Amino acid sequence: MTEPTDFALYLDFDGTLVEIAPRPDQVRVDPALPGALERLRARLGGALAIVTGRPIGVIDDFLAPARFDIAGLHGVERRVDGVVSGGGAADHPDLRARIAGLTTAVAGLDAVLIEDKGASVAVHWRLATPADALRAEEAVKAAAAALGAAYRLQLGKAVGEIVPASATKGHAIRAFAQAPPYAGRRAVFLGDDLTDEKAFAVVNETGGVSVRIGGAETIATRRLSDPEDVRRLLYAWADGAPIDLGALPPA
Ligand SMILES: O=P(O)(O)OC[C@H]1O[C@H](O[C@H]2O[C@H](CO)[C@@H](O)[C@H](O)[C@H]2O)[C@H](O)[C@@H](O)[C@@H]1O
């Protein structure tokens with residue numbers, strides 16, 4: 001068995017806590033989720049954080065009225081104990097200027113969506129035809145390349161995002177681990193997408209437990225099948241079930 005105060009729990013949002021939806025604003029949050037995460041956080045002595053590509057404010061809206069420690073925008077911004085750092089759009093004038101051109105470049109593509117997150121931008125093609133999806137991907141790749149080394153392209157599920165290069169979910173987990181209540185605990189991270197592989201690398205390196213959601217190839221050592229599977233596990237832990245990290249299915 002694992003003592004709840006021996007590990008810190010880091011949770012991705014889309015595709016991990018909630019099912020993937022056709023559009024970013026159509027995600028449905030299980031009504032029991034925010035309360036269960038609050039109970040689980042209490043059981044872990046506070047060491048529970050969301051690590052997501054979404055902005056912090058969007059996660060707050062989805063999980064309201066609960067508030068959690070969060071790394072947003074793939075690690076560009078972070079909130080710990082109510083204090084926010086990073087993520088200011090004004091710090092990214094080159095990106096801001098490039099988003100205008102990118103918006104124009106994809107404007108004629110049916111069902112391609114731009115999600116402007118301030119210090120990052122996502123181009124979504126989940127609802128587009130294969131031809132338009134390809135054009136959208138080319139447009140976001142070209143915009144990322146034009147921005148140079150200060151930015152990177154983060155591909156994901158029917159999405160391409162431009163993110164400040166200095167930030168990844170792996171950096172975010174290392175940053176959480178610098179201070180209480182996260183410091184000195186094994187990191188446990190659950191995620192479902194390519195951006196999460198960067199967090200798995202850090203978790204594996206530091207002797208933690210990495211859990212990939214879904215069937216894709218991964219460097220994670222453990223696997224759960226889908227967000228429903230994740231919620232079932234977290235709800236049981238929240239309600240006092242024994243925690244056995246070693247019993248999680250291998251990837
Ligand atoms: O790190 P995450 O919490 O997993 O966030 C990654 C991105 O998730 C969102 O896009 C994805 O989910 C949408 C809703 O299910 C879906 O429509 C889209 O196709 C997916 O790529 C979100 O919109 C992005 O901002 C996040 O970076």
Side-chain angles (χ1 to χ4, degrees), residues 9-30 33-34 37 48-63 68-79 86-87 89 95 99 102 106 109 111-130 132-134 136-137 140 144 151-164 167-173 176 189-203 210-214 216 218 220 224 226-228 230-231 234:
L9 184 60
Y10 303 101
L11 300 166
D12 170 51
F13 185 74
D14 292 276
T16 296
L17 293 177
V18 298
E19 280 74 8
I20 293 290
R23 296 171 48 110
D25 57 358
Q26 286 176 341
V27 157
R28 183 191 163 275
V29 176
D30 185 308
L33 180 66
L37 293 179
L48 181 152
I50 312 284
V51 181
T52 177
R54 300 268 196 172
I56 290 173
V58 170
I59 298 294
D60 283 348
D61 289 346
F62 279 131
L63 298 179
F68 296 93
D69 288 347
I70 304 184
L73 306 181
H74 304 276
V76 177
E77 59 181 3
R78 224 159 53 88
R79 182 178 67 206
L95 174 69
I99 289 173
L102 182 57
V106 302
L109 304 178
V112 169
L113 307 174
I114 293 257
E115 185 187 7
D116 183 349
K117 302 189 266 188
S120 78
V121 62
V123 178
H124 291 273
W125 52 81
R126 178 169 299 281
L127 299 173
T129 62
D132 281 355
L134 193 61
E137 186 171 347
V140 70
Y151 292 87
R152 66 182 181 87
L153 179 74
Q154 177 63 64
L155 291 173
K157 292 183 168 170
V159 69
E161 305 196 42
I162 304 175
V163 184
T168 67
K169 289 191 176 189
H171 288 96
I173 287 178
F176 278 118
F189 177 67
L190 278 63
D192 75 306
D193 206 351
L194 284 176
T195 178
D196 301 315
E197 295 289 325
K198 295 183 175 72
F200 295 149
V202 168
V203 168
S210 49
V211 187
R212 175 91 186 210
I213 315 308
T218 185
L224 292 171
D226 53 30
E228 199 179 348
V230 172
R231 291 193 298 269
L234 298 182

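Counting convention: from 1, in listed order, for ligands and their atoms alike. Just so you know, residue 1 is the first one in the sequence shown, and it goes up from there. None of the values given here were measured: they were computed from a predicted structure.
Here the options are T52, V58, L63, the test is side-chain contact (heavy atoms from CB on, under 4.5 Å), and the partner is I70; only T52 passes.
Here Q26 has no heavy atoms under 4.0 Å from ligand 1, in either its backbone or its side chain. For I20, heavy-atom contacts with ligand 1 shorter than 4.0 Å involve the backbone as well as the side chain.
Annotation for ligand 1: atoms under 4.0 Å from non-hydrogen atoms of R54 are 9 (C), 14 (C), 22 (C), 23 (O). Near V159, with a cut-off below 4.0 Å to any heavy atom, the atoms of ligand 1 are 21 (O). Each of the atoms 3 (O) of ligand 1 lies under 4.0 Å from some heavy atom of F13. Ligand 1 places these atoms under 4.0 Å from at least one heavy atom of P22: 17 (O). Listed by atom number, the atoms of ligand 1 under 4.0 Å from H74 heavy atoms are 27 (O).
Annotation: side chain of E161 is not in contact with side chain of E115 (no heavy-atom distance under 4.5 Å). W125 is not listed as a side-chain neighbour of D132, based on a closest heavy-atom distance of 4.5 Å or more.
Checked by distance only, ligand 1 and K169 come closer than 3.5 Å through their nitrogen or oxygen atoms. Among the atoms of V51, none of the N or O lies under 3.5 angstrom from an N or O of ligand 1. For ligand 1, one of its N or O atoms has an N or O atom of K117 under 3.5 Å away.
The pair D12-K169 counts as a salt bridge, with a side-chain nitrogen and a carboxylate oxygen less than 4.0 angstrom apart. Salt bridge annotation for R231-D226: absent, with no cationic side-chain nitrogen under 4.0 angstrom from a carboxylate oxygen.
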message: As a quick check of understanding, evaluate side chain to side chain contact (heavy atoms under 4.5 Å, CB included) for L234 and L17, giving each step before the final call.
response: CA-CA 9 Å; L234 298 182; L17 293 177; 3.6 Å; yes

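Looking at atom 21 (O) of ligand 1, its nearest protein heavy atom turns out to be K157 O, 2.6 Å. The protein heavy-atom contact nearest to atom 10 (O) of ligand 1 is H124 CE1, 3.4 Å. For atom 3 (O) of ligand 1, the nearest non-hydrogen atom of the protein is T52 OG1, 2.6 Å. Of all protein heavy atoms, the one closest to atom 15 (O) of ligand 1 is A21 N, 2.6 Å. Protein heavy atom in closest approach to atom 2 (P) of ligand 1: D12 OD1, 2.8 Å. For atom 23 (O) of ligand 1, the nearest protein heavy atom (residue, atom name, distance) is E115 OE1, 2.8 Å. Residue, atom and distance of the protein heavy atom nearest to atom 5 (O) of ligand 1 are D14 OD2, 3.4 Å. Atom 27 (O) of ligand 1 has its closest protein heavy atom at E161 OE2, 2.6 Å.
Side chains of Q26 and R28: a donor-acceptor N/O pair is absent below 3.5 angstrom, by distance only.
Under the 3.5 Å distance criterion, the side-chain polar atoms of E77 are matched with a main-chain donor or acceptor of I56. Side-chain N or O atoms of D193 include one that pairs as donor or acceptor with a backbone N or O of K157 at under 3.5 Å. Here the side chain of R212 pairs a donor or acceptor atom with the backbone of D192 at under 3.5 angstrom. In this structure, R54 contributes its side chain and L73 its backbone to no donor-acceptor pair below 3.5 Å.
The aromatic rings of F13 and F62 lie parallel to each other, their planes meeting at an angle below 30°, with 60° marking the opposite boundary.
The shortest heavy-atom distance from A122 to ligand 1 is not under 4.0 Å. Residue contacts with ligand 1: V27 is included, with a non-hydrogen atom under 4.0 Å away.
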